[in-house]
Amino acid sequence: MDALNGAHIAAWIERAADVMEREKVLLTELDAAIGDSDHGTNMARGFTAVRVRLGGLDHGDVGALLKGVGMILLSTVGGASGPLYGTLFREAGQRAAGAAALDLAALAGCLEAGLDGVKRRGKASPGDKTMVDALSPAVDALKAALSAPAPTGDPARSSLMDGLARAAEAAQAGALATVPLIARKGRASYLGERSAGHQDPGATSCSLLLRSLAATAGV
Ligand code: ADP
Ligand code: MG
């Protein structure tokens, strides 16, 4: 696979809805430690709503599809993360407007636009112990894959697949690296130094989202 079309994006969302439902307890437990115990239910509710309404969205235009997903997440996830995930998908969709499919370069551009939107809206930087700590290294990994030599070995493994595998790994490493950090944004920041020693729930859900995308591409 060397490009993601509307059907692939829809499959990603379906998979993400399953994963958020399956990992609901984990995400809520992480939020119980440094927040208000709702991140798992927020994410599962949001992605289930998107899954239910997926059929009514335009699958021929990936930009419109991503924007539609963002609108539904914005109105159903709630909490601090709802507007942020809504922004991620809407800004990514804006960048992809009119595209029938996204190759590695287009996907890297889209996710970078989404990351910029999240940072603008939430005013978080890497190291603040938020979803940005998973998303930002994932975008970096996609951009790095653009200039990396074509993957060797398995001829069926495209640069896109390689980039997505690296992005998922980078997001997971970024989420794990939030453990020692002191939160500087969101509810967890109220705890100050007591927020250290716990993994950020939003960085964890973001890592799950990127893992789901890689799995959709078969890696
Ligand atoms: P709430 O904190 O309102 O209960 P959630 O529990 O659904 O919302 O989401 C919490 C997650 O949202 C945090 O773990 C963090 O990753 C993310 N988050 C919170 N505030 C910000 C922000 N300003 N910028 C980026 N991400 C943020
Ligand atoms: Mg919460």
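Whatever order the structure lists them in is the order used to number ligands and atoms, beginning at 1.
What sits closest to atom 4 (O) of ligand 1 on the protein, heavy atoms only, is D36 OD1, 2.9 Å. Closest to atom 24 (N) of ligand 1 among all protein heavy atoms lies A124 CB, 3.5 Å. Distance from atom 23 (N) of ligand 1 to its nearest protein heavy atom, with residue and atom name: G122 O, 2.8 Å. Counting only heavy atoms of the protein, atom 2 (O) of ligand 1 lies nearest to R187 NE, 3.5 Å. Nearest to atom 14 (O) of ligand 1 among the protein's heavy atoms is D200 OD1, 2.7 Å. The nearest protein atom to atom 9 (O) of ligand 1, hydrogens excluded, is given as H39 ND1, 3.2 Å; this is a heavy-atom distance. The protein atom (non-hydrogen) at minimum distance from atom 8 (O) of ligand 1 is A80 N, 3.2 Å. The nearest protein atom to atom 7 (O) of ligand 1, hydrogens excluded, is given as S81 OG, 2.6 Å; this is a heavy-atom distance.
Ligand-side atoms of ligand 1 in range of P201: 14 (O), range being under 4.0 angstrom from any heavy atom. Listed by number with element, the atoms of ligand 1 under 4.0 Å from a non-hydrogen atom of G79 are 3 (O), 8 (O). Per-residue contacts place D31 under 4.0 angstrom from the following atoms of ligand 1 (heavy atoms of the residue considered): 6 (O). Ligand 1 places these atoms under 4.0 Å from at least one heavy atom of G186: 19 (C), 20 (N).
Going from atom CG of L107 over to atom NE2 of H8 covers 12.5 Å, rounded to the nearest 0.5 Å.
Scanning all heavy atoms of the two residues, the minimum distance from R45 to V77 falls at NH2-O, 2.7 Å.
The parts of T130 lying near ligand 1 are both backbone and side chain, judged by heavy-atom distances below 4.0 Å. With a 4.0 Å cut-off on non-hydrogen atoms, L84 touches ligand 1 through its side chain and not its backbone.
Ligand 1 is never approached by G35 to a heavy-atom distance shorter than 4.0 Å. At least one heavy atom of M131 sits less than 4.0 Å from an atom of ligand 1.
Ring orientation note: the planes of H39 and Y85 are close to parallel, at an angle under 30° on the 30°/60° scale.
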Evaluate the salt bridge (charged side-chain N to carboxylate O under 4.0 Å, His left out) criterion for residues K129 and D133: first the C-alpha distance (whole Å), next the side-chain angles of each, then the deciding distance (0.1 Å), finally the verdict.
-> CA-CA 6 Å; K129 199 178 180 100; D133 290 315; over 6 Å; no
For W12 and L4, run side chain to side chain contact (heavy atoms under 4.5 Å, CB included): C-alpha distance rounded to whole Å, both residues' side-chain angles, the deciding distance at 0.1 Å, then the answer.
-> CA-CA 10 Å; W12 170 30; L4 297 167; over 6 Å; no
May I have the step-by-step check of side chain to side chain contact (heavy atoms under 4.5 Å, CB included) for L111 and L142, ending in yes or no?
-> CA-CA 9 Å; L111 287 185; L142 282 177; 3.6 Å; yes
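Using a 4.5 Å heavy-atom cutoff, the side chains of F89 and I72 are not in contact. In this structure, the side chains of S125 and T130 stay at 4.5 Å or more apart for every pair of heavy atoms.
In this structure, E91 pairs ionically with R120, as a charged nitrogen and a carboxylate oxygen lie closer than 4.0 Å.
Backbone and side-chain nitrogen or oxygen atoms of G202 are examined, and one is located within less than 3.5 angstrom of a nitrogen or oxygen of ligand 1. Among the atoms of D38, some N or O lies under 3.5 angstrom from an N or O of ligand 1. Checked against a 3.5 angstrom limit, the closest N/O atoms of K185 and ligand 1 fall outside it.
Of the candidates K24, R211, R51, R51 is the only one forming a salt bridge (charged side-chain N to carboxylate O under 4.0 Å, His left out) with D18.
More than 12 heavy atoms of other residues, nucleotides or ligands lie within 6.0 Å of CD in Q199, so this atom counts as buried by the packing criterion.
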